[in-house]
Amino acid sequence: MKNRTPSLIDYHATLVLDTGELVNIKCPDTAQDELLDSLESALKLGAWWVASRIEGCSVDYLGTAMERVNMRRVVGMA
């Protein structure tokens, strides 16, 4: 699945890792509920959260694009 061009109606979420570093997630505004549900589920399971599960989502860590996030390392969301 291709990531679409970012627009002004994108939803942004920031995950805080146990090291204090931030992971930025950008998804279409229409996918906000799906994003939050999938993040919550992966966090409870301590599983990997994969951006490609939701069309148009992208993940950025320290300026580098990522495909997935280890939710065991996540301590909060901003």
Side-chain angles (χ1 to χ4, degrees):
M1 296 182 154
K2 291 184 179 179
N3 289 338
R4 64 185 181 80
T5 305
S7 69
L8 297 176
I9 58 170
D10 283 342
Y11 177 76
H12 299 267
T14 302
L15 303 177
V16 182
L17 301 180
D18 55 2
T19 58
E21 297 166 322
L22 305 177
V23 175
N24 299 304
I25 301 173
K26 189 184 312 177
C27 288
D29 190 49
T30 55
Q32 178 181 354
D33 290 337
E34 183 181 1
L35 170 65
L36 295 175
D37 288 345
S38 68
L39 286 172
E40 180 182 8
S41 177
L43 187 58
K44 287 179 180 177
L45 295 171
W48 288 89
W49 180 82
V50 181
S52 62
R53 289 184 185 166
I54 303 173
E55 186 174 349
C57 283
S58 61
V59 180
D60 176 281
Y61 172 72
L62 297 176
T64 304
M66 297 175 57
E67 287 295 318
R68 58 189 183 160
V69 178
N70 183 352
M71 295 303 281
R72 290 182 186 192
R73 305 271 323 268
V74 175
V75 295
M77 188 169 131

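In this chain, residues are counted from 1 in sequence order. The shown structure was predicted, so the numbers you read here are calculated from the model rather than taken from an experiment. Computed over heavy atoms, backbone and side chain alike; hydrogens, waters and symmetry mates excluded.
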Give every residue pair that meets the salt bridge (charged side-chain N to carboxylate O under 4.0 Å, His left out) criterion with at least one member in residues 11-21, sequence neighbours excluded.
-> Asp18-Arg73
Residue pairs fulfilling salt bridge (charged side-chain N to carboxylate O under 4.0 Å, His left out) with at least one residue in residues 40-50, sequence neighbours excluded = Glu40-Lys44
Side chain to side chain contact (heavy atoms under 4.5 Å, CB included) involving Ala13 - partner list, sequence neighbours excluded = Tyr11, Ile25, Leu35, Met77
Minimum-distance pair of heavy atoms, taken over all atoms of Asp10 and Pro28 = OD1-CA, 3.8 Å
Could you pull out all residues at least two apart from Glu34 that satisfy salt bridge (Lys or Arg N to Asp or Glu O under 4.0 Å)?
-> none
dist Leu17:CG -> Arg72:CZ (nearest 0.5 Å) comes out at 14.5 Å
Stepwise side-chain contact (heavy atoms from CB on, under 4.5 Å) check, Trp49 with Val74 = CA-CA 11 Å; Trp49 180 82; Val74 175; over 6 Å; no
Can you name the nearest heavy-atom pair linking Met71 to Leu43, along with the distance?
-> O-CD1, 3.5 Å
When hydrophobic residues are tied together by side-chain contacts of less than 4.5 Å, even through go-betweens, does Met66 share a cluster with Val50?
-> no
List the atom of Trp48, the atom of Ala42, and the distance in Å for their closest heavy-atom pair.
-> O-CB, 4.4 Å
With Ser41, which residues qualify under side chain to side chain contact (heavy atoms under 4.5 Å, CB included), at least two apart?
-> Leu45
Hydrophobic side-chain clustering at under 4.5 Å (ILVMFWY, transitive links): who's grouped with Val16? Put none if nobody.
-> Leu22, Val75
